[in-house]
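As structure tokens, the structure follows; a few thoughts come after it.
Naming convention: chains lettered A, B, ... in sequence-line order (proteins, then strands); numbering from 1 in each chain.
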There are 2 protein chains.
Amino acid sequence: MMDEINMISKSQIIDKLKKAGVTPTQQRVEIGQILFAKPQHMSADQVLSVVNQTGPVVSKATIYNTLGLFAKKGLVREVIVDPSKVFYDSNTSEHHHFYDIDTGSLMDINNGQLRLESMPVLPDGTEAEGIDIVIRVRKSMH
Amino acid sequence: MMDEINMISKSQIIDKLKKAGVTPTQQRVEIGQILFAKPQHMSADQVLSVVNQTGPVVSKATIYNTLGLFAKKGLVREVIVDPSKVFYDSNTSEHHHFYDIDTGSLMDINNGQLRLESMPVLPDGTEAEGIDIVIRVRKSMH
DNA sequence: CAGCCATTTAGACAAAGTCTATTCCATTAA
DNA sequence: TTAATGGAATAGACTTTGTCTAAATGGCTG
């Protein structure tokens, strides 16, 4: 009721899932509603606790299954910057990240702000699947 | 005896540790000998099992303490590409990585092969601590 | 030799994520 | 309407990586 502003309607989520070839079950819509509400980075853990605050309970296994499925279907992107947990990024456009090592928070780098000069020669028999650039930052002490 | 070729002498390791301000204990030298034998990427787990194959037993806690210490002292670099484990890279010169998502293996990208066009504006009040570029690759199916 | 302090250790613990066997539920078929 | 089917969800056991703690060890210095 009070987060109406950032809400995406249930039918929009259902659409999004269908378009990606994901059967829109109640739990997946529930999770999508949290994940796609606004561009953001969440760990499985955070998703789990938010889902279970705002709606009917969804099990841990389903959270992991769903996040994995969403990632496979391109609805969400896994970001690996923290040795202890995976972040799921609902912004699937090409971009990279700042990672604040003090706070553990992730921020998008707008695309255009950062690009590679050239692509290196790949190892034999491989093809590129993706490029991740992470700029680690910390509070500056002036 | 038979890996003499890739061996670094104990005294070389001791030197390296001293220069970095690390007291060269027996265990640390043991671990250094494995880690610094050649440029390579190892997980804590791998170090643990190799150490305990080739020399006197070193406890798990000491492996983690030592790897953490080495990283802090710049003898080794932590590489985060796999959600489930940290790799320790004995190549501390500036460079980036290919990560084979099929095999889970890490390969260095020679520096000069890869550079950024420009540095993006950092978030307010932060300073850059480091940049990690990972090119994820997989077996190409031609 | 005695004392000191860093280091090492075993093993308990914690957290993220996986697995399995069962239950649930929506859809189709009769 | 009911029965059958198969994908999805579930609880909870389990695994793995890594951390913590309290006690034991060991190398120096006086």
Side-chain angles (χ1 to χ4, degrees), chain A residues 10 13-14 17-18 20-35 41-52 55-73 75-89 101 104 106, chain B residues 10 13-14 17-18 20-35 41-52 55-73 75-89 101 104 106:
Chain A
K10 207 163 273 202
I13 300 276
I14 291 175
L17 297 190
K18 277 184 185 162
V22 172
T23 311
T25 66
Q26 201 205 305
Q27 288 86 340
R28 288 170 183 169
V29 172
E30 201 73 44
I31 291 168
Q33 218 147 15
I34 285 155
L35 227 40
H41 313 93
M42 298 182 83
S43 65
D45 217 46
Q46 288 177 292
V47 174
L48 181 61
S49 75
V50 174
V51 165
N52 291 337
V57 168
V58 177
S59 74
K60 190 174 62 155
T62 297
I63 298 287
Y64 280 100
N65 287 342
T66 301
L67 290 173
L69 181 65
F70 282 10
K72 204 176 73 182
K73 297 294 190 172
L75 288 166
V76 119
R77 185 171 134 193
E78 294 184 341
V79 182
I80 297 162
V81 283
D82 183 309
S84 74
K85 64 182 58 139
V86 174
F87 284 99
Y88 292 88
D89 188 347
I101 57 179
L106 258 188
Chain B
K10 206 161 275 202
I13 300 278
I14 292 175
L17 297 190
K18 278 184 185 161
V22 173
T23 311
T25 66
Q26 202 204 303
Q27 288 88 338
R28 288 169 183 171
V29 172
E30 201 73 43
I31 292 168
Q33 219 148 13
I34 285 156
L35 227 41
H41 313 94
M42 299 182 82
S43 64
D45 217 46
Q46 289 177 290
V47 174
L48 181 61
S49 73
V50 174
V51 165
N52 291 338
V57 167
V58 177
S59 76
K60 191 173 62 154
T62 298
I63 299 288
Y64 280 100
N65 287 343
T66 301
L67 290 174
L69 181 65
F70 282 10
K72 205 177 72 182
K73 296 295 189 169
L75 287 166
V76 120
R77 185 172 133 193
E78 293 184 344
V79 182
I80 297 163
V81 282
D82 183 309
S84 73
K85 64 183 58 142
V86 175
F87 284 99
Y88 292 88
D89 188 346
I101 56 178
L106 257 189

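Atom-to-atom distance recorded for A:I80:CD1 and B:D82:CG is 7.0 Å, nearest 0.5 angstrom. The CD atom of B:Q26 lies 10.5 Å from the CD1 atom of B:I31; values are rounded to the nearest 0.5 Å.
Nearest heavy-atom pair, B:H41 versus B:Q46, reported as atom, atom and distance to 0.1 Å: O-OE1, 4.0 Å. Considering all non-hydrogen atoms of both residues, B:F70 and B:R28 come closest at CZ-O, 3.7 Å.
Residue B:T25 has no polar side-chain atom (N or O) positioned under 4.0 Å from OP1 or OP2 of C:dA6.
Looking at heavy atoms from C-beta onward, B:Y88 lies in side-chain contact with B:E78 at the 4.5 angstrom threshold.
Using a 4.0 Å cutoff to heavy atoms of chain B, the contacted part of DNA chain D runs 5' to 3' from D:dT17 to D:dC20.
To the nearest angstrom, C1' of C:dC24 lies 14 Å from CZ of A:R28. One interatomic measurement links the two molecules: CG of B:L67 to P of C:dT7, which rounds to 15 Å at whole-angstrom precision.
In terms of the side chain to side chain donor-acceptor pair (under 3.5 Å) criterion, A:S49 has no residue partners (sequence neighbours excluded).
A:Q33 places no side-chain N or O within 3.5 Å of a backbone atom of A:E30 that could act as its donor or acceptor partner.
Screening A:L35, A:T62, A:L75, A:L48 for a side-chain contact (heavy atoms from CB on, under 4.5 Å) involving A:L67 leaves a single residue, A:L35.
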Next on the checklist: Across nucleotides 9-18 of chain C, 5' to 3', mark each nucleotide with B, S or - according to how protein heavy atoms within less than 4.0 Å reach it.
Outcome noted: BB-B---SBB

